[in-house]
Trainee: 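I'd like to ask you about the structure that follows.
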Amino acid sequence: MIRSYFPKCVAVVALLALSVGALDTFSAAVYEHTVILPNRTETPVSKEEGLLLMNKNIDVLEKAVKLAAKQGAHIIVTPEDGIYGWVFTRESIYPYLEDIPDPGVNWIPCREPWRFGNTPVQQRLSCLAKDNSIYVVANTGDMKPCNASDPQCPPDGHYQYNTDVVFDSGKLVARYHKGVESTPQKQSRCTTMTWKQRVVSCCYQTR
């Protein structure tokens with residue numbers, strides 16, 4: 001784990017700008033680990049199998065979050081693909097995705113895990129932030145249902161996004177869609193915030 005001190009309003013990860021109230025500095029932990037990967041397959045696993053793998057990686061992250069908080073970090077940034085890995089097709093990654101709501105809904109998954117459906121990964125990340133009084137930045141997957149009324153809706157009826165989320169005291173405070181569906185000039189659906197307003201900047205990407 002790398003622990004560093006930065007001046008006020010420094011970017012910790014891409015498009016995440018921080019300033020900590022009246023504090024002149026904040027302490028940030030940046031963590032990497034050897035991700036436990038699924039077996040390489042084009043056949044989707046069950047939701048239960050996917051969650052089992054993700055919980056193994058979150059178990060590893062939990063130790064890092066607790067250590068970072070104990071050492072005085074205000075925020076911990078966890079690895080890209082650190083929850084389920086990267087050996088997927090569009091179809092095989094689906095069991096690992098959750099519907100991540102807009103942060104404006106004022107939601108603490110640790111307290112209301114079923115408010116937005118089955119969201120066990122968001123619940124665990126929320127509880128890690130809440131129980132350790134630390135901001136947790138994590139990379140996971142978001143899915144958004146769509147239908148024929150949307151001319152760019154994929155044939156399988158949902159969008160999929162590589163997504164960064166931020167939890168503060170358990171509350172979902174930011175969601176940033178790092179990528180967009182492979183349709184020309186498709187604006188990513190994300191939320192824009194300042195640190196005080198818990199915002200991650202929006203982007204405009206093509207692929």
Trainee: Under 4.5 Å between any side-chain heavy atoms of Val137 and Tyr135, yes or no?
Mentor: no
Trainee: Any side-chain heavy atom of Leu61 within less than 4.5 Å of one from Pro79?
Mentor: yes
Trainee: Quick check: closest heavy atoms across Val45 and Gly50, and the distance to 0.1 Å?
Mentor: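 It is CG2-N, 3.9 Å.
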Trainee: Could you tell me whether a side-chain N or O of Asn139 sits under 3.5 Å from a main-chain N or O of Asp81, the two making a donor and an acceptor?
Mentor: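 Between the backbone of Asp81 and the side chain of Asn139 there is a qualifying donor-acceptor contact (under 3.5 Å).
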Trainee: Could you report the tightest heavy-atom contact between Leu125 and Ala138, atom names first, then the distance?
Mentor: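 So the two residues come closest at CD1-CB, 3.8 Å.
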Trainee: Report yes if some heavy atom in the side chain of Ile76 is under 4.5 Å from a heavy atom in the side chain of Asn132; otherwise report no.
Mentor: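 No, too far: nothing below the 4.5 Å cut-off.
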Trainee: Using the ring of each side chain (for Trp, its six-membered ring), is His177 parallel, tilted or perpendicular to Tyr161, with breaks at 30° and 60°?
Mentor: parallel
Trainee: Tell me if the CG atom of Asn39 is crowded by more than 12 foreign heavy atoms within 6.0 Å.
Mentor: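 Not buried by this count: 12 neighbours or fewer within 6.0 Å.
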Trainee: Output the distance between atom CD (Glu112) and atom OG1 (Thr119), rounded to the nearest 0.5 Å.
Mentor: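 Separation between the atoms: 10.0 Å.
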Trainee: Indicate the atoms forming the closest heavy-atom contact of Arg175 with Ile100, along with that distance.
Mentor: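 Closest approach of Arg175 to Ile100, heavy atoms only: NH1-O, 2.8 Å.
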Trainee: For Gly170 and Ser126, work out which heavy atoms get closest and say how close.
Mentor: O-OG, 2.5 Å
Trainee: Any sub-3.5 Å donor-acceptor pair from Ser27's side-chain atoms to His74's backbone N or O?
Mentor: no
Trainee: Can you confirm whether Phe167 sits close enough to Cys110 that some side-chain heavy atom of one is under 4.5 Å from a side-chain heavy atom of the other?
Mentor: no
Trainee: Do Tyr84 and Val35 come within less than 4.5 Å of each other through their side chains, counting heavy atoms only?
Mentor: no
Trainee: In Å and rounded to the nearest 0.5 Å, what is the CD to CG distance from Gln123 to Asn118?
Mentor: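 Separation between the atoms: 9.0 Å.
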Trainee: Minimum heavy-atom separation for Ala68 and Ile134, please, with both atom names.
Mentor: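 Nearest pair, atom of Ala68 first, then Ile134: CB-CD1, 4.1 Å.
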Trainee: Once you round to the nearest 0.5 Å, how far does OG1 of Thr140 lie from CD1 of Ile58?
Mentor: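 It comes to 7.5 Å.
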Trainee: Looking at Trp107 and Leu172, would you say the former's side chain and the latter's main chain have a donor-acceptor pair under 3.5 Å?
Mentor: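 Checked: no pair found.
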Trainee: Got a donor-acceptor contact below 3.5 angstrom from the Asn57 side chain to the Ile83 backbone?
Mentor: yes
Trainee: Backbone N or O of Gly141 within a donor-acceptor pair of the Thr163 side chain at under 3.5 Å?
Mentor: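 Judged by distance alone, no pair lies under 3.5 Å.
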Trainee: How about Pro101 and Arg115: do any of their side-chain heavy atoms sit closer than 4.5 Å?
Mentor: no
Trainee: Give the ring-plane orientation class for Tyr31 versus His33, where under 30° counts as parallel, over 60° as perpendicular and anything between as tilted.
Mentor: parallel
Trainee: Quick one: pull up CG in Asp59 and CD1 in Ile36 and give me the separation to the nearest 0.5 Å.
Mentor: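 Atom-to-atom, Asp59:CG and Ile36:CD1 are 8.0 Å apart.
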Trainee: Does Asn162 use its side chain to pair, donor to acceptor, with the backbone of Lys178 at less than 3.5 Å?
Mentor: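 Side chain of Asn162 to backbone of Lys178, a donor-acceptor pair under 3.5 Å: no, none is there.
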Trainee: Please report the interatomic distance OG(Ser169) to CG(Asp131), rounded to the nearest 0.5 Å.
Mentor: 10.5 Å
Trainee: Please check this pair: side chain of Ser92 against backbone of Glu42, looking for a donor-acceptor N/O pair closer than 3.5 Å.
Mentor: no
Trainee: Where does the angle between the aromatic ring planes of Tyr94 and His158 fall among parallel (under 30°), tilted (30 to 60°) and perpendicular (over 60°)?
Mentor: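 Taking His158 first and then Tyr94, their aromatic rings sit tilted (interplane angle of 30° to 60°).
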Trainee: If every non-hydrogen atom of Val87 is compared with every non-hydrogen atom of Arg40, which pair is closest and at what distance?
Mentor: CG1-NH2, 3.2 Å
Trainee: Report yes if some heavy atom in the side chain of Arg111 is under 4.5 Å from a heavy atom in the side chain of Lys130; otherwise report no.
Mentor: yes
Trainee: Does any non-hydrogen side-chain atom of Lys144 lie less than 4.5 Å from one of Asp99?
Mentor: yes
Trainee: Any link between Ile108 and Val166 through a network of hydrophobic side chains (Ile, Leu, Val, Met, Phe, Trp, Tyr) touching at under 4.5 Å?
Mentor: no
Trainee: Using atom types as modelled and distance alone, determine if a side-chain donor or acceptor of Tyr159 lies under 3.5 Å from a backbone N or O of Gln152.
Mentor: yes
Trainee: Would you say Val165 ends up clustered with Val105 if hydrophobic residues are merged whenever their side chains have heavy atoms under 4.5 Å apart, either directly or through other cluster members?
Mentor: yes
Trainee: Hey, could you give me the CD/CD distance between Gln160 and Glu91, rounded to the nearest 0.5 Å?
Mentor: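 If we round to the nearest 0.5 Å, Gln160:CD and Glu91:CD are 8.0 Å apart.
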Trainee: Is a side-chain donor or acceptor of Glu98 paired with a backbone partner of Val121 at a separation under 3.5 angstrom?
Mentor: yes
